Amino acid sequence: MADEPLVLEPTDRRVEWETNTWSLSAEAEDREALSVSEVVSAFEWTADGLRRRIREMGFAGVATFYVWHDEQAGQLRCSTGSVTADELPFGGAYAPCGDLGAVVEGFLSRREPDVVAWSDLAEARDQSEQTAPEPAAAPFPVWVRSVGPVSHRPAPPADVGEAGEAAVSGEPGHRGFDDLGRKTLTRPESGIGP
C-alpha cells in the first residue's frame with residue numbers, strides 16, 4: 001500500500017477516499033496463521049513509507065493514515081486523507097486510538113463475516129412490544145497515525161466583535177479565510193475612523 005497511488009487533495013475528499021482506501025480480507029486459516037505483531041509491524045511500516053512519500057511529494061498540509069476493523073465486511077481497512085484524526089470521513093461515531101494491536105486483534109479473532117452463531121441470536125419480538133429506542137452504536141476504534149508534515153490544523157484567529165466577544169470561524173468567505181477555508185493574512189480592522 002505504501003507504493004500504491006496516493007492522492008492528497010483537500011478540496012476533493014471523494015477522490016482521496018476512492019484512491020487511498022484499501023480493504024484486507026483473510027480466510028479463517030490465514031487469520032489463524034498471522035500474529036498481531038506481524039500485522040501491526042506491516043501497518044507501521046506502511047505509515048512510515050507514506051510519511052516519506054508525502055514529504056517527497058512536497059505536500060505541506062495535514063495527512064493522516066488510519067486503520068479500522070470493518071466488522072460487517074470482516075475486513076481490515078485503511079486509508080490516508082488530508083484530514084486530522086478528528087475529521088475522518090466516517091458517517092458514524094468512531095474513537096481515534098493509538099493501539100493498533102487491539103484493532104488487529106478484533107480482525108484476527110473474528111469468525112467468518114456474515115456468520116452468526118446460534119447462541120448469539122436473540123428471539124425476535126413484535127415491533128409494537130418495543131418501547132425504548134435502540135441504543136446508539138458504540139464508537140468503533142480507529143488507529144490513527146499522522147503522516148503529513150503538519151499534525152493538526154492551526155486555530156484560526158479570533159475576530160473581536162462590537163460587544164467585545166471573540167468569534168472564531170474557519171468557514172470559507174469569512175474575513176481572514178479564503179474560499180477553501182485556509183487562513184489568509186489580513187490586517188485587522190481597528191474600528192477607528194470613518
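All values derive from a computational prediction rather than experimental measurement.
- Of all non-hydrogen atoms in Arg13 and Pro10, the two that sit nearest each other are NH1-CA, 3.3 Å.
- Within the model, atoms OG of Ser146 and CD1 of Ile54 stand 8.5 Å from one another, a figure rounded to the nearest 0.5 Å.
- Counting all heavy atoms, side chain and backbone alike, Gly106 lies closest to His69 at O-CE1, 3.2 Å.
- Counted by atom type alone, Glu9 and Ser82 present zero donor-acceptor pairs between their side chains at under 3.5 Å.
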Evaluate the side chain to side chain contact (heavy atoms under 4.5 Å, CB included) criterion for residues Glu44 and Arg145: first the C-alpha distance (whole Å), next the side-chain angles of each, then the deciding distance (0.1 Å), finally the verdict.
CA-CA 9 Å; Glu44 288 175 342; Arg145 173 72 58 91; 4.0 Å; yes
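- Partners of Arg51 according to the side-chain hydrogen bond (donor to acceptor under 3.5 Å, both in side chains) rule, which considers only residues two or more places apart in sequence or in another chain, are Asp48.
- Put simply, the side chain of Glu87 gets close to the backbone of Thr84: a donor and an acceptor are under 3.5 Å apart.
- Within the 3.5 Å criterion, the main-chain N or O of Val83 finds a donor-acceptor partner in the side chain of Thr64.
- Taking Glu105 as the reference, nothing meets the side-chain hydrogen bond (donor to acceptor under 3.5 Å, both in side chains) condition, with sequence neighbours excluded.
- Ring geometry, Tyr94 versus Phe140: the interplanar angle falls from 30° to 60°, so the pair is classed tilted.
- The salt bridge (charged side-chain N to carboxylate O under 4.0 Å, His left out) check on Asp12 picks up nothing, with sequence neighbours excluded.
- Side-chain contact of Ser109 with Arg31: a donor-acceptor pair under 3.5 Å is absent, judged by distance alone.
- Screening Phe43, Trp143, Trp68 against Leu76 for a side-chain contact (heavy atoms from CB on, under 4.5 Å) leaves a single residue, Phe43.
- Between Ala95 and Pro139, the shortest heavy-atom distance links the atoms N-CB, 4.1 Å.
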Side chain to side chain contact (heavy atoms under 4.5 Å, CB included), that's the test. Do Val40 and Glu38 meet it? Break it down for me.
CA-CA 6 Å; Val40 166; Glu38 289 172 318; over 6 Å; no
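- With sequence neighbours excluded, the residues that form a side-chain contact (heavy atoms from CB on, under 4.5 Å) with Ser37 are Ser35.
- Between atom CG of residue Leu50 and atom CZ of residue Arg55 there is a gap of 12.0 Å, rounded to the nearest 0.5 Å.
- In terms of heavy-atom proximity, Val103 sits nearest to Cys97 at CG2-SG, 4.2 Å.
- Listed by chain and number, the residues in a side-chain hydrogen bond (donor to acceptor under 3.5 Å, both in side chains) with Ser41 amount to none (sequence neighbours excluded).
- Residue Leu24 is grouped with residue Leu34 when hydrophobic side chains (ILVMFWY) are merged at heavy-atom distances under 4.5 angstrom, including chains of intermediate members.
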Under the criterion side chain to side chain contact (heavy atoms under 4.5 Å, CB included), I'd like the reasoning laid out for Val67 against Val142: C-alpha separation, chi angles, the key distance, then a yes or no.
CA-CA 6 Å; Val67 179; Val142 179; over 6 Å; no
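- Applying the side-chain contact (heavy atoms from CB on, under 4.5 Å) rule to Pro89 yields the partners Trp17, Tyr66; only residues at least two apart in sequence or on another chain are considered.
- Here the side chain of Asn20 pairs a donor or acceptor atom with the backbone of Val7 at under 3.5 angstrom.
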Please determine whether side chain to side chain contact (heavy atoms under 4.5 Å, CB included) holds for the pair Leu8 and Thr80, giving the CA-CA distance in whole Å, both sets of side-chain angles, and the decisive distance to 0.1 Å.
CA-CA 8 Å; Leu8 293 174; Thr80 306; 4.2 Å; yes
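- Clustering ILVMFWY residues whenever any of their side-chain heavy atoms sit less than 4.5 angstrom apart, transitively, puts Met57 in the very cluster that holds Phe65.
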